[in-house]
Chemist: 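My questions all concern the structure below.
Lettering of chains follows the sequences in order, A, B, ..., and the numbering in each one begins at 1.
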Amino acid sequence: MKESVARFWREIPQRYNIIGNKCTVCGRVFFPPRESCPYCRRKSLGKMQKIQLSGKGKIVTYTIIHSATEDFEDQVPYPIAIVELDEGPRITAQIVDCKPEDVKIDMRVESTFRKIRQDGSTGAIYYGYKFRPMR
Amino acid sequence: MEDIGIVSYGGYIPRLRITAKEIASIWGKDGERMSSGLGVYEKSVPSIDQDTATISVEAARAALRRTNINPLDIEAIFIGSESHPYAVKPTGTIVGEAIGATPDLMIADYEFACKAGTAAIQNCVALVKAGYIRYGLAIGADTAQAAPGDALEYTAAAGGAAFIIGKEDVIASINYTYSYATDTPDFWRRAERKYPSHGGRFTGTPAYFKHITSCAKGLLEKAGTKPEDYDYAIFHQPNGKFPKKVAKILGFTSEQIKQGLLVPFIGNTYSGSSLVGLASVLDVAKPGDRIFLVSYGSGAGSDGFDITVTDNIMKLNRENAPSMKEMIDDKEYISYGIYAKYTDLLYWE
Ligand SMILES: [Zn+2]
């Protein structure tokens, strides 16, 4: 459990604010951030720049989870989608604030700040991004 | 006099609603009578993944979206709530990190029942005035819990509002503030207890009404104003009846309190209560409008504010975040069963 708190803490900038990075050689944007660009390889070393992503994008594909792990079983059925952000990267996230049957491919979504999970009733609470339909 | 006051604002109301009628049907009560008795038709409910921290972040981000303020220039964050997610571990640090304001700032969580958010505003004003900070972020937010079957179950709701306080491009000057407090045990929650207890009828006359009227009179005297000088008035709203009654006692009209009275549609958002009302007024306010606000926190105390809207409100990008009305209208009704699941009524060890 201690290890999971430490890992979460290291990832706070990505999880709270969707901070990725950009290869200044080819212009590609990555989330989560990468050490180097897989296209430019050595040329991109030291040329990766931190970038705040807008949190806006569209659903590329999705699935409805009916049978979840213990942490999420009180939320079923719930949609998980691959969201393509306007800056390019694709991320997997839960879709909230809409009924599972209302989720559609190509639907515009925006990020929202939510509780992701908690270590029971005595452990830490982990926060981060989910996505909701853009209104 | 130097203008110090609100530079931007943002509110947040969760989407889920449960009607007083639905709650009443579970406990064998007459829903229509409960609704009209309390002046509350429905209340907001946090979804299973929302708490005071997530509501505070949404409200703070909405306030930031309306301006070009660099979050790093926010040098204080104070969050008032009686439902901080942790007993020990601040909500403010979660919010500070989520809006990109860390690490060069002061952060503290406040508690004073439903008036901790207005206390946060007063302290930001003082720090700006003293020259200690450039901008301060004051938030009042709650996910209020009530014991199943208790009268409070019809009103205990979730929501909040955030205010950036500073002295540059002030949209609403805080001309005067005045507070009134006594030791009055009208409502409390002991440490380690999940649900609050209250003094029944004792919550009215010696508590809510005495503190709000005393604070309001003190503020009017300090500001040298009369009720008719104000375009809008906002009072703490534990239900739909109390704020109407206290307005009448003080000589304010129902027209003055209408825009800031959200409790009939969302319930009592506790530390957010008078502040979501203020956000709703700022959604429609015009330069020159004068606003009177008095909060109330059990235990007990009131903070009063005399506010004047400035020309800068026309430059604020209000449309960059949803208005309180848009959030009130964007809703999804749930049954008592789902409500019980989402608000942890089914919790056992
Ligand atoms: Zn590259």
Chemist: Does this structure show an ion pair linking Asp330(B) with Arg135(A), if we count only N-O contacts that are shorter than 4.0 Å?
Modeler: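 Answer for the salt bridge query: yes.
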Chemist: Considering only heavy atoms, which portion of Tyr127(A) lies under 4.5 Å from any heavy atom of chain B: side chain, backbone, both, or neither?
Modeler: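 Side chain only.
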Chemist: Check whether any side-chain heavy atom of Ile13(B) lies under 4.5 Å from a side-chain heavy atom of Phe265(B), and answer yes or no.
Modeler: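 Contact flag for Ile13(B)/Phe265(B) side chains = no.
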Chemist: Does a side-chain N-to-carboxylate-O contact under 4.0 Å join Glu110(A) and Arg132(A)?
Modeler: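 Salt bridge flag = yes for Arg132(A) with Glu110(A).
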Chemist: State, with a plain yes or no, whether a side-chain heavy atom of Ser81(B) is found less than 4.5 Å away from one of Glu111(B).
Modeler: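 The answer is no, as the side chains (C-beta and beyond) never meet within the 4.5 Å cut-off.
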Chemist: Please state whether the side chain, the backbone, both or neither of Ile12(A) comes within less than 4.5 Å of a heavy atom of chain B.
Modeler: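 It is the side chain, since no backbone atom gets that close.
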Chemist: Let me know if Arg15(A) has heavy atoms under 4.5 Å from chain B in its side chain, its backbone, both or neither.
Modeler: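 Neither part.
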Chemist: Kindly determine whether Lys341(B) and Asp74(A) satisfy salt bridge (charged side-chain N to carboxylate O under 4.0 Å, His left out), including the steps that lead there.
Modeler: CA-CA 8 Å; Lys341(B) 186 169 94 168; Asp74(A) 47 9; over 6 Å; no
Chemist: Determine which residues belonging to residues 101-109 of chain B lie within contact range of chain A, meaning some heavy atom pair is under 4.5 Å apart, and list them by number or answer 'none'.
Modeler: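 If one takes a 4.5 Å heavy-atom cut-off, no residue of residues 101-109 of chain B lies near chain A.
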Chemist: Side chain, backbone, both or neither: which part of Glu332(B) has an atom under 4.5 Å from a heavy atom of chain A?
Modeler: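 When you check distances to chain A, only side chain atoms of Glu332(B) fall under 4.5 Å.
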Chemist: Is there a donor-acceptor contact under 3.5 Å from the side chain of Asp51(B) to the main chain of Pro85(B)?
Modeler: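 Answer holds: no.
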Chemist: Output every pair passing side-chain hydrogen bond (donor to acceptor under 3.5 Å, both in side chains) with a member in residues 91-105 of chain A, not counting sequence neighbours, ordered by first then second residue.
Modeler: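 Sorted pair list: Gln75(A)-Gln94(A), Gln94(A)-Lys130(A), Asp97(A)-Arg114(A).
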Chemist: Does a side-chain heavy-atom distance below 4.5 Å link Arg61(B) with Val57(B)?
Modeler: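 Contact flag for Arg61(B)/Val57(B) side chains = yes.
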Chemist: Identify which part of Gln50(B) has an atom lying under 4.5 Å from any heavy atom of chain A, answering side chain, backbone, both or neither.
Modeler: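 Looking at Gln50(B), backbone and side chain both touch chain A.
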Chemist: Heavy-atom cut-off 4.5 Å, strictly under: side chain, backbone, both or neither for Leu16(B) against chain A?
Modeler: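 For Leu16(B), there is no contact with chain A at all, as no heavy atom is under 4.5 Å.
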Chemist: On the ring face of Tyr195(B), is Arg189(B) found with NZ or CZ under 6.0 Å from the centre and within 45° of the axis?
Modeler: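 Not satisfied by the 6.0 Å and 45° rule.
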